[in-house]
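Report on one structure; see the data block that follows.
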Amino acid sequence: MTKTISGTRRQAALGFIFVTASMDVLSLGVMIPVLPELMKRFNGGDTAATALWAVLFATTWGVMQFFCSPILGLMSDRFGRRPVILTSIFGLGIDFLFMAFAPTLWWLFVGRVFNGMTAASFSTAGAYVADVTAPQDRAKGFGLMGAAFGVGFTFGPALGGWLWHFDHRLPFLVCAGLALCNWLYGFFVLPESLPPEKRIERFDWKKANPIGSLNLLKSKPNLLGLAVVGFLFQLSHNVLPSVFVLYMGFRYHWSTQLIGLTLMGSGVAGILLQSFVVGPVVERVGERGALLIGLFSGCVGFMIYGLAPTGWLYLCGLPIFAFTGLIQPGLQGLMTRRVAPYEQGQLQGANSAMMGISSIIGPSLYLLPFAWAVRHDATLHMPGLPALIAATLLLGASLLALRVAHPAAAEPQAAEAA
């Protein structure tokens with residue numbers, strides 16, 4: 001289990017990583033339609049109280065991820081990717097069991113805290129991909145991760161809504177079973193990707209925190225700038241789960257079913273792009289070109305979403321916005337080339353910490369302007385203001401990427417483990 005993998009075993013390991021990443025995002029997708037309903041039941045149908053609890057849950061999860069992701073990332077650099085991935089999968093399964101059997105809201109809250117502390121399967125999977133792929137092939141590998149993200153958010157909400165009709169605890173039980181089966185498979189089959197000679201010699205608590213992660217980002221040329229590009233992208237992307245269901249219903253008077261189909265169509269477009277477009281684009285224009293195309297497409301797509309006066313014009317933005325699927329493969333390819341093998345976990349932990357920050361501030365950044373725009377809609381006619389804010393963030397990310405997204409001269413080697 002600790003030997004370097006190659007050939008067929010490498011492909012099998014990447015397949016497991018794809019399933020693991022899909023499961024991680026699928027769990028988030030399943031919770032979108034069902035967790036608020038379960039919380040509402042505990043609150044006696046009080047929507048306002050449920051909204052306050054939802055903010056508390058989301059903020060707490062983001063805070064736990066912000067502080068714990070760097071620890072888990074550095075642990076994967078010291079002890080290997082396999083134990084951290086398995087711990088994260090197990091934590092996800094326990095979280096779903098808490099939700100399935102929780103007698104009160106506070107039990108649900110405990111489950112969210114536990115999951116936030118162990119939510120590193122997606123980020124550690126990114127370090128795993130960096131371990132088992134050659135530098136020139138990493139963008140394709142991270143494209144696979146992007147496809148997993150699309151699968152989870154495309155089918156997760158539909159699965160959650162369908163299972164909810166049978167029993168309101170069933171979605172959580174099914175996801176708990178899937179996560180624990182995935183854990184068992186990984187326990188017996190998943191090989192380690194980081195050999196002992198490429199690991200750090202000791203676990204340093206000075207590096208296992210958000211500030212320590214920032215020091216890593218500052219120590220490499222343009223790495224901090226690339227991390228800020230990633231943060232701006234994550235923050236802009238947060239507009240989708242925060243307000244877009246409300247926005248489409250308010251502006252275009254779409255039914256829940258039509259909104260669901262639109263979201264599914266967007267997810268399918270992203271999966272197709274990740275599966276068939278990322279590789280050829282990266283080969284033709286490089287990781288920097290793929291990143292810039294993705295950022296510019298996202299900016300244009302959000303502008304269309306925010307300004308479209310009709311539903312048909314809104315749908316015209318879907319194929320353009322799908323090219324945001326080029327952002328993460330290009331960005332991760334550029335970032336992972338700048339750190340040594342024994343720093344990949346710390347890098348992914350830093351990225352997850354920044355994602356936690358975006359999860360904390362994103363809902364307020366978009367929900368408050370949306371509420372203000374709706375209240376003044378009779379005079380402003382700007383319900384798409386949140387999408388325009390997201391477009392502005394991506395424009396800033398594009399300008400920054402022009403400056404910092406240059407290929408690394410050479411990938412650092414693990415001659416010495418700091």
Side-chain angles (χ1 to χ4, degrees), residues 28-29 32-33 36 47-48 50-52 54-55 57-59 61-62 149 153 157 228-256 258-260 262-267 269-270 294-325 327 354-400:
L28 298 176
I32 289 175
T47 301
T50 299
L52 293 176
V55 172
F57 274 38
T59 302
W61 189 90
F149 195 90
F153 270 115
V228 173
V229 170
F231 170 74
L232 292 175
F233 165 64
Q234 293 291 347
L235 187 59
S236 68
H237 201 268
N238 211 273
V239 71
L240 299 176
S242 296
V243 302
F244 260 48
V245 171
L246 296 173
Y247 170 64
M248 288 185 283
F250 176 81
R251 187 164 198 176
Y252 307 122
H253 308 292
W254 285 352
S255 65
T256 303
L258 183 56
I259 292 174
T262 302
L263 294 175
M264 180 173 288
S266 178
L295 290 170
F296 181 75
S297 299
C299 180
V300 174
F302 273 134
M303 289 183 64
I304 294 174
Y305 289 164
L307 297 174
T310 66
W312 286 110
L313 288 176
Y314 175 95
L315 293 176
C316 290
L318 289 180
I320 298 174
F321 188 79
F323 280 88
T324 56
I327 294 175
M354 299 190 78
M355 185 185 300
I357 298 175
S358 69
S359 298
I360 294 170
I361 65 179
S364 298
L365 177 65
Y366 298 115
L367 283 168
L368 294 179
F370 178 72
W372 181 82
V374 168
R375 291 193 189 100
H376 298 84
D377 186 61
T379 55
L380 291 177
H381 306 295
M382 284 295 295
L385 181 60
L388 298 180
I389 294 174
T392 302
L393 291 173
L394 281 187
L395 178 60
S398 300
L399 296 176
L400 179 59

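Since this is a predicted model, take the numbers as computed values, not measurements. Keep in mind that the numbers below use all heavy atoms, side chains included, and drop hydrogens, waters and symmetry copies.
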Are there over 12 heavy-atom neighbours, none belonging to [X], within less than 6.0 Å of that residue's [atom1]?
X: Y252; atom1: OH; value: yes
X: M248; atom1: CE; value: yes
X: F321; atom1: CZ; value: yes

To check you understand the geometry: which heavy-atom pair defines the closest contact between [X] and [Y], and what is its length?
X: L295; Y: V229; result: CD1-CG1, 4.0 Å
X: C299; Y: L395; result: SG-CB, 4.0 Å
X: G301; Y: I320; result: N-CG2, 4.2 Å
X: A308; Y: Y247; result: O-OH, 4.4 Å
X: P319; Y: C316; result: CD-O, 3.4 Å
X: D377; Y: P383; result: OD1-CD, 3.5 Å

If you measure from [atom1] on [X] to [atom2] on [Y], what distance do you get to the nearest 0.5 Å?
X: L393; Y: L365; atom1: CG; atom2: CG; value: 6.5 Å
X: S236; Y: I327; atom1: OG; atom2: CD1; value: 7.0 Å
X: Y366; Y: L240; atom1: OH; atom2: CG; value: 8.5 Å
X: M382; Y: R251; atom1: CE; atom2: CZ; value: 7.5 Å
X: S266; Y: L315; atom1: OG; atom2: CG; value: 10.5 Å
X: L394; Y: L399; atom1: CG; atom2: CG; value: 11.0 Å

Is a donor on one side and an acceptor on the other found under 3.5 Å between the side chain of S364 and the backbone of I361?
-> no
If only atom types and distance count, is the side chain of T262 paired as donor or acceptor with the main-chain N or O of L258 below 3.5 Å?
-> yes
Hey, which of F250, W254, Y305 is the one that makes ring-ring contact (aromatic ring centres under 6.0 Å, His included) with F244?
-> Y305
Can you check whether L385 reaches W372 side chain to side chain, under 4.5 Å on heavy atoms?
-> yes
